[in-house]
Amino acid sequence: MPNNVHEFGTVLGEAFSIKRPNEGQADDKTYFTVKSWVSGKFVSCTLWDSSHGHIQLENGMGVVVHGKVQKKQSGDKVYTNMSVSSIGLIPMDKGVRSDAPKSSGEGSSDDE
């Protein structure tokens, strides 16, 4: 696979490893990784603060990202990087586990 082959793509998955620029830092990008829910593959993403600085991205959020994809090969490994042009945040509710211990607050009894 040749280096620097550009194409556009869309990934649906979970965001994590978010690295925001430090205050006063010249870097105007937020970096994060998306694990695709469809393929299980990882995509490194760059989110540009100039166009998406208002996005409140948090670890564990569901996202759909679209943008220019660059694939690079190093030895036997292929790395995928995406320059995000569009992003959607997907509200996620992981629910309440039925086997989770209940809090033993005031007024509760273990005998019930």
Between the side chains of W48 and S83, does any donor sit under 3.5 Å from an acceptor? yes
Would you please say whether a donor-acceptor pair under 3.5 Å links the side chains of T10 and H66? yes
List the atom of [X], the atom of [Y], and the distance in Å for their closest heavy-atom pair.
{"X": "A15", "Y": "L57", "answer": "CB-CD1, 3.9 Å"}
{"X": "V11", "Y": "S36", "answer": "CG1-CB, 4.1 Å"}
{"X": "M61", "Y": "Q56", "answer": "CE-O, 3.4 Å"}
{"X": "S85", "Y": "G67", "answer": "OG-CA, 3.6 Å"}

For F42, the hydrophobic cluster (side chain heavy atoms closer than 4.5 Å, chained through members) also holds F16
Return the [atom1] to [atom2] distance between [X] and [Y], rounded to the nearest 0.5 Å.
{"X": "C45", "Y": "Y31", "atom1": "SG", "atom2": "OH", "result": "12.0 Å"}
{"X": "L89", "Y": "E58", "atom1": "CG", "atom2": "CD", "result": "9.5 Å"}
{"X": "K19", "Y": "T33", "atom1": "NZ", "atom2": "OG1", "result": "7.0 Å"}
{"X": "S74", "Y": "Y79", "atom1": "OG", "atom2": "OH", "result": "5.0 Å"}

From the list L12, V43, L47, V84, side-chain contact (heavy atoms from CB on, under 4.5 Å) partner of V65 resolves to V84
Practice item. Find out if a path of hydrophobic residues (ILVMFWY) with successive side-chain heavy-atom gaps under 4.5 Å connects I55 to M82. Key: yes
Under a 4.5 Å cut-off applied to non-hydrogen side-chain atoms, are W37 and I90 in contact?
yes
**OP:** Kindly indicate whether the side chain of T80, heavy atoms from C-beta on, has any atom under 4.5 Å from the side chain of Q70.
**Re:** no
message = Could you go through I18 and T30, starting from their C-alpha distance and side-chain angles, then the distance that decides it, and tell me whether this counts as side chain to side chain contact (heavy atoms under 4.5 Å, CB included)?
response = CA-CA 7 Å; I18 300 167; T30 296; 3.9 Å; yes
Here the salt bridge (charged side-chain N to carboxylate O under 4.0 Å, His left out) pairs for residues 30-45, sequence neighbours left out, are none
Determine, step by step, whether H52 and I87 satisfy the side chain to side chain contact (heavy atoms under 4.5 Å, CB included) criterion, reporting the C-alpha distance in whole Å, the side-chain angles of both residues, the deciding distance to 0.1 Å, and the verdict. CA-CA 8 Å; H52 292 95; I87 182 169; 3.7 Å; yes
CA sep, side-chain torsions, deciding dist, call: R20, K29, side chain to side chain contact (heavy atoms under 4.5 Å, CB included): CA-CA 7 Å; R20 294 181 177 87; K29 304 177 264 299; over 6 Å; no
Are V69 and N81 close enough, and set up right, to give a side chain to side chain contact (heavy atoms under 4.5 Å, CB included), and what steps lead you there? CA-CA 6 Å; V69 176; N81 296 294; over 6 Å; no
